[in-house]
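What follows is a short report on a single structure.
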Amino acid sequence: MAVAVGVEVQRGRMVIRNVGLMLSGKLEAPILRADCVVAEGGRIVAVGREQDCDTGRATVVIDAQGCALTPGLIDSHVHPVFGDWTPRQSQLGWIESTLNGGVTTMISAGEVHLPGRPRDIVGLKALAITAQRAYANFRPAGVKVLGGAPVIEQGMVESDFAELAAAGVSLLGEVGLGSVKAGYEAQEMVAWARKYGIQSTIHTGGPSVPGSGYIDADTVLQADADIIGHINGGHTALPLNQIRCLCEGCGRGIEIVHNGNELAGLSALRFARELGQMERVILGTDGPAGSGVQPLGILRMIALLSSLGDVPAEEMFCAATGNTARLRKLDCGMIEVGRAADFVLMDRAQHSAGADLLDSVQKGDLPGIGMVVVDGIVRCGRSRNTPPAERVPVVVG
Ligand SMILES: [Zn+2]
């Protein structure tokens, strides 16, 4: 897709050297033998040992000081409205705050908190198209918000989905938040959406707020959306045997969110690992919500699931990056040539009991972020939200 009006483009060439640990975002090889990455035009053009990379003609040189580098984190489940404002808890700047938690891409699961949100079909389509356009043209603090996710309602017909797709809408909001709650109704609309290249996600579990519905495992399986949205509930989770059925009964994305049931989240992770299908596990916050806004929500999920779920930290980073990029067909989330130059530089927090970054996360501590880069542009230095890290990258040229 062409870069939209109002979106800043990287000029020149960025070299990041002296990376102590290069996390790839790819489950099959989560740690790369590399200490250097080069970006140009917002894309990764080289990654490897510094002596093997063309580091000439650099306009920005960053000495990582031995910090770890991960792909920018992806929040698979957010509820934005417009700009960097959320009416849910009357907050401004929540997306900028989340950038300070290492998130460079957010995926809307519906702009459901808009006061007076239209529920008639022409109105919901207009809102989705407006939100898609607005976030394509404006990136709060540089964060890529994939917005414009309509909440489907009874009465929609196939041509509505064709029209939405033609207008640039590529996501459905959580199925089940509108009047379409029965499995057979959802199945038909999800299939129409898929036919026109629109991805779908479904609300799983008990109602999130008064007015939303209860969606059980049978309905989720029948609807067959691309992503089992908050498999651990938002907040109220299904019984664990139903969560196991969802993991075993289909091959769709297993989305675990911050604003869900933590026991259910850990259980879903265990079921996916027992099936040998860790590549299906992706992470979200489901914020803003009744639980508030969680600027460090994705980092907290990585630390929670790695420590209590006994999963190597480098694999949990994949669940917040490459797994999501693959399931969602995004051009970011992995450190490889041609991908978006979205990076987070981080290190073990000061005074963590862990021996290094990965060990500290496996012991449940959050890392300290020292820099975030989106599309080859530095968007923040030392995070104002994470605990301070031992080491911080330095711009040296
Ligand atoms: Zn939900």
Side-chain angles (χ1 to χ4, degrees), residues 74-81 86-89 94 106-114 117 119 124 127-128 131 145-154 171-183 185-187 189-190 193 198-239 242-243 246-247 250 252-265 267-268 281-294 297-298 301 324 327-328:
I74 305 169
D75 188 334
S76 174
H77 193 130
V78 294
H79 291 293
V81 171
T86 172
R88 194 68 181 86
Q89 301 296 345
W94 69 278
M106 292 181 168
I107 301 168
S108 176
E111 292 77 33
V112 295
H113 301 314
L114 179 75
R117 171 169 66 88
R119 290 161 195 260
L124 74 87
L127 171 61
V145 180
L146 308 181
V151 175
I152 55 174
E153 298 283 353
Q154 286 176 333
L171 300 163
L172 287 191
E174 281 177 68
V175 175
L177 294 186
S179 55
V180 176
K181 296 194 196 300
E185 285 179 318
Q187 184 185 42
M189 293 192 189
V190 162
I198 298 176
Q199 262 197 11
S200 53
T201 186
I202 186 161
H203 175 94
T204 307
S208 48
V209 290
S212 68
Y214 166 67
I215 307 284
D216 65 6
D218 287 340
T219 309
V220 172
L221 289 172
Q222 192 177 5
D224 195 32
D226 297 303
I227 307 292
I228 307 167
H230 54 61
I231 194 166
N232 58 322
H235 285 272
T236 313
L238 296 174
Q242 286 198 38
I243 292 176
L246 287 174
C247 293
C250 71
R252 300 301 185 186
I254 297 170
E255 185 189 74
I256 305 174
V257 302
H258 184 276
N259 288 347
N261 175 316
E262 290 167 354
L263 174 62
S267 302
V281 176
I282 60 176
L283 305 182
T285 55
D286 196 6
S291 288
V293 171
Q294 299 83 25
I298 297 297
M301 290 302 291
T324 320
L327 280 174
R328 301 287 206 165

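Side-chain atoms are counted along with the backbone in the values below, which use heavy atoms only and exclude waters and symmetry mates. Start at 1 and go down the list; that is how both ligands and their atoms are numbered.
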Give a yes or no on whether the backbone of D286 and the side-chain of H258 come within a donor-acceptor separation of less than 3.5 Å.
no
Ignoring hydrogens and angles, tell me if any N or O in the side chain of N232 forms a donor-acceptor pair with the backbone of V257 under 3.5 Å.
yes
So, for [X] and [Y], which heavy atoms are closest and what is the spacing to 0.1 Å?
| X | Y | value |
| --- | --- | --- |
| P87 | V81 | CD-CG2, 3.6 Å |
| L127 | E111 | CD2-O, 4.3 Å |
| I256 | A268 | CD1-CB, 4.3 Å |

Distance below 2.8 Å from the Zn ion (ligand 1): protein N/O/S atoms:
E174 OE1, H203 ND1, H230 NE2
Between OG1 of T219 and CG of D224, what distance do you get to the nearest 0.5 Å?
13.0 Å
